[in-house]
Structure formats: structure tokens, C-alpha cells
Trainee: 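After the C-alpha cells below, expect a handful of questions from me.
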Amino acid sequence: MSDLMFTDEELMAYADGELAEGRASEIDVALARVDALAQRLALFVDTRANVASAYAPMLDEPVPDELRRQVEELARKSDADHPQAPQEDTVVAFRPKPAQNAAPRQSFWKMPLAASVALAIGVGTGLFLAGNQPTGGLQIAALDDPEIVRALTEMPAGDSKTLDSGSRIEVIATFLDDSGAVCREFEYDHAGGSTFVAVTCHDTTWDVKFVVAAAPSGDTGFAPASSLATLDAYLVAIGAQAPLSIQDEIKALSTLK
Amino acid sequence: MSDNFSNDLIDFLPNLRRFAISLCRSRDMADDLVQITAEKAFAARAKFDPATRLDAWLFRIMRNTWIDMVRRRQIQGTQIDIDDAPDAAVVDGAKTVETTLMLKSAQQAMTELPQEQREVMMLICVEEMSYKEAATVLDAPIGTIMSRLSRARITIAKKLE
């Protein structure tokens, strides 16, 4: 199989979560077999993360007083001319904005300078626990397993556990994102041989936010270090704070039960 | 009296300003652009369909305003020295030196892109719009959006190597 089966634009759309499902599943399968494809994909994953991080601090800059004053004056005059319309509540809300006053990021999560990725699959929100995404040969849907959900809610970081299915899960770290949601980074060795490193954050349920996969390896396979560069870029992008201490982790997990 | 339109627009000022800075490549000019955009938005308020997204509508007004300003004043876009720009990343002492350098070089690479590529990068990678939403803001077919976005990312990756 050649990496030339997919165009740059298809790989980009895949990285951005915009590729049609059927074609995306084909890329899922091809990624596990063709290293060159993963490297081409990494370019699109990395450039997005790098540029997003570069412009994120600008949102925290205060709007200059003069500008704010002028716009508020415009708003006041305009509101006087436009009495409240009855349908005001139907204005479509913006997507949630990142917290304006997120705690300063710690240097624990370092921005990769030149990330090259062994294999990165799907970056986006709720892609995999949604249960309606065909995932080709990689069986990420297996993360839907209630045993995993329980493990994520109960296991302290550093512990690993073999599940009934024969798969193994190891929780690597617990941290808060910039909205204060509890997130866990964990490694998952599928009984079939694939290893994933994933980040999941708790809203009302566990939402898988990010997955990197290692090529199938032995029974103790780990994702190669190079794929973790993309994970780091992702963590920077979501404003991940440093991992919680053991006590803070216990406290954070107890709020989820 | 106020309603969601005014409040939402004011809440959105930091995003409008960020998009303006990327279009103008100058902070002073960006604030003028934000103000003119706000004037136009309030003037056209009755035309806004509340069932659609206000953020996309505002970006579209801003972008058309900018194109108009460039055409009228024959401004070619003023290049700013990125080192002179106040940069929130620099004052955050917890960040590593590499991170700061990386942020600066990613911003620098963005300012060197042609506007048509820079604006798709901003809308999709920074403002997290879908391809379709960006196509609406920029009034271009999705295929065009994708080819600009892909060329922009290949160029940026080469510069960050």
C-alpha cells in the first residue's frame, strides 16, 4: 500500500475532522501500515496546533479602553433604536470560548519544536466514545467498554490493570484543562496488539479528546516518543495544567462519582 | 436597554481584534478595523438573521471591510516587526524559551503568508470554524478553501522546520 493513495487535502481534512466517514476509515487502516502516510498527516496536525497556540495568548490581551468605550457607545445608541425583539433568545450562541483567565501554563508540557509523529489518528472532540464512528481496523470503539469507563473514574495515575477482554489500561496522569474539567491521559494496549495513548476529559461522561496510536507491537508495546510530540502540542493547545498531586487527584476523582 | 446582539458583539471583541491583527498585521490599524466593523454591524443589525452565527457574520463584515480599505487606500498591508508587538506569550514567565520562540516563529510564518491563505488559517485553525463556515465567511467554494489551507500549512511547516 502506498501513502500516495491519499492527497494532501484528504489528509488535512482527516486531521481537521472534516473527511467523510468512509474515506476516514480507509485512512485509519492505511495509517497502521504506511509510515510515510503518518508523517504526511503529522504536518497537518502539527501546523494547526502550532498556529492555534501562537494566537491563543492574543485572546487574553485586554481590549484597549478607547476601543471598548467606542463600541459600547455604539451599542448603547443601537440598542436605543432597536427595542428588544421578542426572538432575542434565539440568537445562536457562540461556541464556548477558552477561559479568559486560565492559570499560567506550567512548563511541564513542552511545545515540540519539530514534531514528527509515528501515527496520529483523529484529533477532535468526542470522536470515539460517540459510538457512531466506524473506525476501520483499529477498534477504538472498544474504548466504549464500561470497564474502561470505571477504570478512568477509579484508578490512580500510575496504576495499570488488565481488563476482562485481555486489553490493558494504564493511567498516566490526571490534570485539569483550562475550563477546569478533569482530564486523564492513559495508555491502552488492545488485546489485538495496538497501543493507544489517549486524553479524555470528564463532562457528564468521559469524552475522548485525543488519541495517538503506536503501530502494533508486542505485549508491552508503548507509543514511540515521537508520537508524543503531537500529544504535547495538543495539551498546550487545550491549556492543560500540570498533573495533579496524589491528594488532588483523589479529590478530583471523588467529584466524578 | 440591551439584548444579546450588543452583549455578544462586545464579548466577541477579543476575537474580532485577533482576526483584525492577522488581517492588518498592525495593531493600531487593527483597532480601527474593529471599530469600523462594529459600526457596520450595528448599522446592519436588522439584517442579521438570529438563526445564523453572529461570529461568522461579524468576521465576514470585517473581512469585506478590510478588502475595501485596502482597495480604497491602496494599503498593501503594513508589515510590523513582531519583536515590537506586545505579546502575552512573552510575559508568561512559566513558559519555556523554546515555546516562546515557537509561538513567535509560527506567528511570523503566518504574517508572511498571502492574505487569502492567512485568513483561512485564522478562521479554521485559530477560530476553529468548519470548512463550510469559513467558505461562507470568505465567500469562496469549499474546494478553494481547502487548497488555500493546505498550501498555507505546507508553507508554515517548511518555515518551522
Side-chain angles (χ1 to χ4, degrees), chain A residues 7-9 11-13 15-18 43-44 46-64 66-68 70-72 74-85 87-95 97 100 104-107 110-114 236, chain B residues 1-15 17-18 21-22 31 34-35 38-39 42-43 45-46 50-55 86-89 92-96 98-99 102-104 106-107 110 121-122 124-126 128 130-131 146-147 149-150 152-154 156-157 160-161:
Chain A
T7 65
D8 280 343
E9 287 181 16
L11 290 171
M12 177 183 75
D16 291 341
E18 294 253 4
L43 181 151
F44 295 105
D46 291 347
T47 45
R48 182 178 184 126
N50 290 337
V51 171
S53 302
Y55 281 88
M58 257 186 219
L59 275 195
D60 293 332
E61 290 177 19
V63 174
E66 177 65 9
L67 175 62
R68 176 174 287 278
Q70 286 165 338
V71 174
E72 282 171 353
L74 287 168
R76 200 185 54 73
K77 284 185 189 154
S78 172
D79 286 344
D81 294 341
H82 294 79
Q84 265 180 314
Q87 74 276 20
E88 59 159 307
D89 286 332
T90 63
V91 171
V92 175
F94 293 138
R95 67 185 74 224
K97 283 198 293 279
Q100 296 282 316
R105 241 172 247 143
Q106 311 226 8
S107 57
K110 272 182 32 196
M111 173 74 86
L113 280 175
V236 168
Chain B
M1 183 179 302
S2 71
D3 65 10
N4 291 347
F5 185 93
S6 294
N7 291 337
D8 285 351
L9 189 150
I10 289 168
D11 286 349
F12 200 55
L13 283 176
N15 298 67
R17 200 165 158 265
R18 179 166 70 172
I21 290 169
S22 80
D31 288 345
V34 173
Q35 200 210 329
E39 278 169 19
F42 281 118
R45 170 177 191 161
T52 62
R53 286 176 51 155
L54 182 60
D55 54 356
D87 184 345
D92 183 346
K95 283 185 183 161
T96 62
E98 301 102 286
T99 304
M102 183 66 168
L103 295 182
K104 283 200 165 195
Q107 274 192 18
M110 282 282 282
M121 286 298 295
M122 286 304 292
I124 292 165
C125 297
V126 179
E128 300 189 340
S130 68
Y131 293 175
M146 288 178 69
S147 85
L149 187 63
S150 140
R153 278 151 96 163
I154 290 167
I156 287 174
L160 295 184
E161 254 169 18

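Convention: sequence-line order gives letters A, B, ...; per-chain numbering from 1.
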Trainee: Just by distance, no angles: are the side chains of Asp79(A) and Ser6(B) close enough, under 3.5 Å, to form a donor-acceptor pair?
Mentor: yes
Trainee: Check Asp8(A), Thr7(A), Leu11(A) against Ser150(B) for a side-chain contact (heavy atoms from CB on, under 4.5 Å) and give me the one that passes.
Mentor: Asp8(A)
Trainee: In sequence, state the C-alpha distance, the side-chain angles, and the governing distance for Arg153(B) and Asp46(A), and then conclude on side chain to side chain contact (heavy atoms under 4.5 Å, CB included).
Mentor: CA-CA 9 Å; Arg153(B) 278 151 96 163; Asp46(A) 291 347; over 6 Å; no
Trainee: Of the backbone (N, CA, C, O) and the side chain (C-beta and beyond), which part of Leu67(A) lies under 4.5 Å from a heavy atom of chain B, both, or neither?
Mentor: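 The side chain, not the backbone.
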Trainee: Would a 4.5 Å heavy-atom cut-off, applied to side chains only, mark Met110(B) and Tyr55(A) as touching?
Mentor: yes
Trainee: Could you look at Met146(B) and say if it's the side chain, the backbone, both or neither that has a heavy atom under 4.5 Å from chain A?
Mentor: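 For Met146(B), the contact with chain A is made by backbone and side chain together.
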Trainee: Rounded to the nearest 0.5 Å, how far apart are CG of Asp31(B) and CZ of Arg68(A)?
Mentor: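 Asp31(B) CG to Arg68(A) CZ: 12.0 Å, rounded to 0.5 Å.
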Trainee: What is the minimum heavy-atom distance between Gln107(B) and Ala54(A), and which atoms define it?
Mentor: NE2-O, 2.9 Å
Trainee: Given that the side chain runs from C-beta out, which part of Arg17(B) has a heavy atom under 4.5 Å from chain A: side chain, backbone, both or neither?
Mentor: side chain
Trainee: Given heavy-atom pairs under 4.5 angstrom as the criterion, report whether the side chain, backbone, both or neither of Glu66(A) touches chain B.
Mentor: neither
Trainee: Within the distance-only criterion (no hydrogens, no angle test), does the side chain of Glu18(A) pair as donor or acceptor with the backbone N or O of Tyr131(B) below 3.5 angstrom?
Mentor: yes
Trainee: As an exercise: rank Ala157(B), Ala152(B), Ala46(B) by heavy-atom pairs under 4.5 Å with chain A and give me the winner.
Mentor: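 Ranked by contacts with chain A, first place is Ala157(B).
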Trainee: Can you name the nearest heavy-atom pair linking Val71(A) to Phe42(B), along with the distance?
Mentor: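 Heavy atoms of Val71(A) and Phe42(B) come nearest at O-CE1, 4.0 Å.
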Trainee: If the test is side-chain contact (heavy atoms from CB on, under 4.5 Å), which one of Thr47(A), Asn50(A), Leu43(A) qualifies with Leu160(B)?
Mentor: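 The side-chain contact (heavy atoms from CB on, under 4.5 Å) with Leu160(B) is passed solely by Asn50(A) among Thr47(A), Asn50(A), Leu43(A).
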Trainee: Does some side-chain heavy atom of Glu9(A) sit less than 4.5 Å from a side-chain heavy atom of Leu149(B)?
Mentor: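 Heavy-atom side-chain distance check fails, nothing below 4.5 Å.
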Trainee: State the CZ-CD distance between Arg18(B) and Glu61(A), to the nearest 0.5 angstrom.
Mentor: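 Going from the CZ atom of Arg18(B) to the CD atom of Glu61(A) covers 10.0 Å.
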